[in-house]
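Values in this document were obtained by computation on a predicted structure and should not be read as measured data.
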Amino acid sequence: MSDTTAGLRHVEHVMGSVFSFDIRDEPTPAVRRALDEAVHHLHRIDEVFSTYRPDSCISRLGRGEIRREDCPSEVLEVLFLCAHAARVSDGWFSIVPEGTLDPSGLVKGWAVEAASRILHEAGAHDTCVNGGGDIQIRGRAAPATPWRIGVAHPLRPGELVTVVTAHDDLAVATSGTAERGAHIVDPFTGRPATALASLTLVGPRLTLTDTYATAAFARGDGARDWLEGLHGYEALAVTPDGGEWRTTGFHRYGS
């Protein structure tokens, strides 16, 4: 945790990723306590939902050792949200894409959004919480200055494909192959989704923005038409040959 002239910053390694907190509000005792609570929350979520921990609740549930009723309330909430995302995406979002229970495609964004909400409720209204490139923004970076988020180009290391400007609270999520390779699976074939190199989605809150980005990436060639029909969401995609497409309203956010 470090103080800056602009507020408070913190980096936390958890959930197999790097989470960063950039708080531009005055670092009051209440805000500091909220930051500690948000970090603790991320570690608790990791304990409950990590598919890499054989003793986690989600691993035990997936093996049939316990029932949903035996799990913490967070598990029921996440499974409900996953079911909603599966319906809205016509099955392109799945928590069993390879035959085992894995809600990771929703959990990280949900955890980041929750951490942002904890800060907001404590009085930190100008914040950026980043979980491995999936971001929940609130307020302003400075008075009259919006947050600006650079999105890495998936095919050109060191270059940006766009800069997203947040004029209000905004979530930004990117799914792609640049960092982790072809890790998103087409739930209908079981094979890696490769029709896109990356897809960046902006929306109001990160839980569904992140989830819909995953579903759209898996959908591939049909993603643009589906996203055009989602109210409140806009996207930019990069194809493996370096081409790009954007939904109709993305120009309001990206350069």
With a 3.5 Å distance limit and no angle check, can you tell me whether R219 reaches the backbone of S89 through a side-chain donor-acceptor pair? yes
Angle class for the Y212/H84 ring planes (parallel below 30°, perpendicular above 60°, tilted otherwise)? tilted
Out of V238, L196, L236, which residue meets the side chain to side chain contact (heavy atoms under 4.5 Å, CB included) rule with W245? L196
To check you understand the geometry: which heavy-atom pair defines the closest contact between S17 and G131, and what is its length? OG-C, 4.3 Å
Examine L106 and F19 and state if one hydrophobic cluster contains both, with Ile, Leu, Val, Met, Phe, Trp and Tyr joined whenever side-chain heavy atoms are less than 4.5 Å apart. yes
Is there a path of hydrophobic side-chain contacts, each under 4.5 Å between heavy atoms of I/L/V/M/F/W/Y residues, joining V129 to I45? yes
Mind checking whether I58 and I95 sit in one hydrophobic cluster, side chains of I, L, V, M, F, W, Y counted as touching below 4.5 Å? yes
Taking C-beta and beyond as the side chain, do Y52 and D46 meet within less than 4.5 Å on heavy atoms? no
P72 vs V75 side-chain heavy atoms within contact, under 4.5 Å: yes
With rounding to the nearest 0.5 angstrom, report the CG to SG distance, L79 to C71. 7.5 Å
The test is side-chain contact (heavy atoms from CB on, under 4.5 Å); show your working for H167 and R252 and say whether it passes. CA-CA 9 Å; H167 297 286; R252 297 195 299 270; over 6 Å; no
Would you give the length of the straight line joining atom CG of L201 to atom OG of S175, rounded to the nearest 0.5 angstrom? 8.5 Å
Using 0.5 Å steps for rounding, measure from the CZ atom of R68 to the CD1 atom of I66. 11.5 Å
Give a yes or no on whether the backbone of V112 and the side-chain of Q136 come within a donor-acceptor separation of less than 3.5 Å. no
Any heavy-atom pair between the side chains of D169 and R205 that's under 4.5 Å? yes
Closest approach of T165 and P146, non-hydrogen atoms and distance? CG2-CG, 3.7 Å
Shortest non-hydrogen pair, L42 vs F21, comes out as CD1-CZ, 3.9 Å
Looking at R44, I'd like to know if its CZ atom is crowded, meaning that more than 12 non-hydrogen atoms belonging to other residues, nucleotides or ligands lie closer than 6.0 Å. no
Quick one: closest heavy-atom pair of F217 and G176, and the distance? CE1-CA, 3.7 Å
If you apply the rule side-chain contact (heavy atoms from CB on, under 4.5 Å), what do you find for V172 with Y253, and how did you get there? CA-CA 10 Å; V172 183; Y253 305 98; over 6 Å; no
Quick check for you: to the nearest 0.5 Å, what is the distance between L230 atom CG and D225 atom CG? 11.5 Å
Do other residues, nucleotides or ligands put more than 12 heavy atoms under 6.0 Å from D55 CG? yes
F188 ring center within less than 6.0 Å of W92 ring center: yes
Side-chain heavy atoms of F250 within contact of T162, under 4.5 Å: yes
In short, side-chain hydrogen bond (donor to acceptor under 3.5 Å, both in side chains) pairs touching residues 230-239 with sequence neighbours left out are E234-T247, T239-D241
Which heavy atom in C128 sits nearest to a heavy atom in I135, and how many Å separate them? SG-CG2, 3.5 Å
Do the non-hydrogen side-chain atoms of P54 and R63 ever get within less than 4.5 Å of each other? yes
Does the pair D36/R33 count as a salt bridge with the N-to-O cut at 4.0 Å? no
Going hydrophobic residue to hydrophobic residue with side-chain gaps under 4.5 angstrom, can you get from I118 over to V39? no
Tell me if a side-chain donor or acceptor on R148 pairs with a main-chain N or O of V164 at a distance below 3.5 Å. no
Answer yes when D210 and K108 have at least one side-chain N-carboxylate O distance shorter than 4.0 Å, and no when they do not. no
Looking at R140, is its backbone amide N or carbonyl O close enough to the side chain of D126 to form a donor-acceptor pair, meaning the two atoms are under 3.5 Å apart? yes
Sub-4.5 Å side-chain heavy-atom contact between H125 and D25: yes
To the nearest 0.5 Å, what is the distance between CG (L208) and CD (E113)? 7.5 Å
Rounded to the nearest 0.5 Å, how far does CH2 of W110 lie from CG of L81? 8.5 Å
Apply side-chain contact (heavy atoms from CB on, under 4.5 Å) to residues R9 and V11 and explain how you reach the verdict. CA-CA 7 Å; R9 292 178 180 171; V11 174; over 6 Å; no
Ignoring hydrogens, what is the shortest heavy-atom contact between S94 and P187? Give both atom names and the distance. CB-CB, 3.7 Å
Is any side-chain heavy atom of E37 less than 4.5 Å from a side-chain heavy atom of H40? no
Quick one: do F49 and S104 satisfy side-chain contact (heavy atoms from CB on, under 4.5 Å)? Show the steps, please. CA-CA 8 Å; F49 288 98; S104 301; over 6 Å; no
Does atom NE2 (H251) have a neighbourhood of more than 12 heavy atoms from anything else shown, all under 6.0 Å? yes
Under a 3.5 Å distance rule, please check whether R138 uses its side chain to pair with a backbone N or O of T127 as donor and acceptor. no
